[in-house]
Amino acid sequence: MTDRAWLAGAMAQLRQEQARSADTHLLRLDLPAFPDIAFYLKDEASHPTGSLKHRLARSLFLYALCNGRLHRGQTIVDASSGSTAISEAWFARLLGLPFVAVMPAGTAPRKIADVRALGGVCDLVDDPATVHERARWHAERGACHLDQFGLAERATDWRGNNNIAESMLAQMAHEPDAEPTWVVCGAGTGGTSATIGRYLRYRGLQTQLCVADPAGSAFAAGWRTRDRAATASRGTVIEGIGRPRVEPGFVFEVVDRVIEVEDAHSIAGMHALEGLLGRRYGGSSGTNFIACLRLAATMRACGARGSIVGLLCDRGERYDETLYSPAWLRERGIAPPALPAELDDAVSAPTRTGATPSSCPSRIRRPRNLRT
Ligand SMILES: *Cc1c(COP(=O)(O)O)cnc(C)c1O
């Protein structure tokens, strides 16, 4: 079989997979504490491989194939904190190609087991900062480097093709506040935020994009001063986001705001989601949810109404032995999960708000006598 014939078969496999897959749900959440704000959560855990990386892995395979970089029988390699590796292992198996995941040794054991169950090989490195170098080492020996950190932002078709932004906005179409005030996502490769930010502009919407990041991360620091050389001032236990360096796929210009979230708050957010949705999601979903609540609290204080769309990034079962384990948190000296004090009421009883802060944008400030 010629390489082109093999390629045509691989493309057909990917098209068939896409046709078999359904879209992910957009869950609506109404919180009594925010009567004028509707929350929507895009459930990316419902992909066949359990995270938003299912979309990315499909795009990276398409990109490698269509650029003539991936050939019959070639080994595939990538550096990953786990979610991408699981999705890539799944697509590699679909195409009948060997797969090597370079992962930090501290990655949640469940994710490592998932990659192995899909036939992937895990190359575990002690220092998370060396994963890129190690992936390149494999590439020099003949593997095709899918390079999620280098290519996520350009491999994704941001104008359409059912990218995450097109999907969520189409699902919002019939809602009362169809044009969200905010979309909130995390940033690992930066691919999701780049795709959403570009698509909002492409569609001419006023929706603002907020990136929720672990406190002290490189992206949060770099975004403020547009410094691509920024590094993280501390580590995080939230996998998938909170990168040690500003990854090449972060597009600073399409992000309107960055909210930094303490790990203990992210974990509390993750538990709050379980209480509200009856299902477990991962740590970065908790980070996003805390940022959604912070934005909602600001909107409420300004008397604004509207909608906020957040992301549920991956399945919670992956973290049963880590983030969901009180003993694991204790061993690492992480404070017991607790919501930030100012959000204490957010997921429970309704409250009324005080004076309109002077920071409220005038277009959403309401006269006092219109308040209930
Ligand atoms: C990758 C990832 C993110 C961030 O998405 P990017 O598109 O890579 O920026 C958030 N949460 C989880 C669980 C992830 O795996």
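Note: hydrogens, waters and symmetry copies are ignored here, and every other heavy atom, side chains too, is used. We count ligands from 1, going down the list as the structure has it; atoms in each ligand are counted the same way.
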Is there a nitrogen or oxygen of Ser83 sitting under 3.5 Å from a nitrogen or oxygen of ligand 1?
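Yes - when backbone and side-chain N and O of Ser83 are compared with those of ligand 1, one distance drops under 3.5 Å.
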Quick check: do [X] and [Y] have side-chain heavy atoms less than 4.5 Å from each other?
{"X": "Cys185", "Y": "Leu209", "result": "yes"}
{"X": "Tyr281", "Y": "Asp43", "result": "yes"}
{"X": "Arg280", "Y": "Arg315", "result": "no"}
{"X": "Leu312", "Y": "Leu277", "result": "yes"}
{"X": "Arg305", "Y": "Met299", "result": "no"}

Could you go through Phe252 and Phe219, starting from their C-alpha distance and side-chain angles, then the distance that decides it, and tell me whether this counts as ring-ring contact (aromatic ring centres under 6.0 Å, His included)?
CA-CA 9 Å; Phe252 286 143; Phe219 185 56; 5.7 Å; yes
What I want to find out is whether Arg294 reaches Glu342 closely enough, with some N-O distance under 4.0 Å, to be called a salt bridge.
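Between Glu342 and Arg294 there is a salt bridge, with a charged N closer than 4.0 Å to a carboxylate O.
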Out of all atoms in ligand 1, which are within 4.0 Å of some heavy atom of [X]? Include the element for each.
{"X": "Ile241", "result": "3 (C), 4 (C), 10 (C)"}
{"X": "Gly190", "result": "6 (P), 8 (O), 9 (O)"}
{"X": "Ser284", "result": "10 (C), 11 (N), 12 (C), 13 (C)"}
{"X": "Ala187", "result": "9 (O)"}
{"X": "Thr189", "result": "6 (P), 7 (O), 8 (O), 9 (O)"}
{"X": "Cys313", "result": "10 (C), 11 (N), 12 (C), 13 (C)"}

Identify the protein heavy atom lying closest to [atom], giving its residue, its atom name and the separation to 0.1 Å.
{"atom": "atom 5 (O) of ligand 1", "value": "Thr192 OG1, 3.6 Å"}
{"atom": "atom 14 (C) of ligand 1", "value": "Lys53 NZ, 2.9 Å"}
{"atom": "atom 9 (O) of ligand 1", "value": "Gly188 N, 2.6 Å"}

Examine the proximity of ligand 1 to Leu52 and report which part, side chain or backbone, both or neither, has a heavy atom under 4.0 Å away.
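Side chain only.
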Would you say the rings of Phe34 and Phe39 are close, in the sense that their centroids are separated by under 6.0 Å?
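Phe39 vs Phe34: aromatic centres under 6.0 Å.
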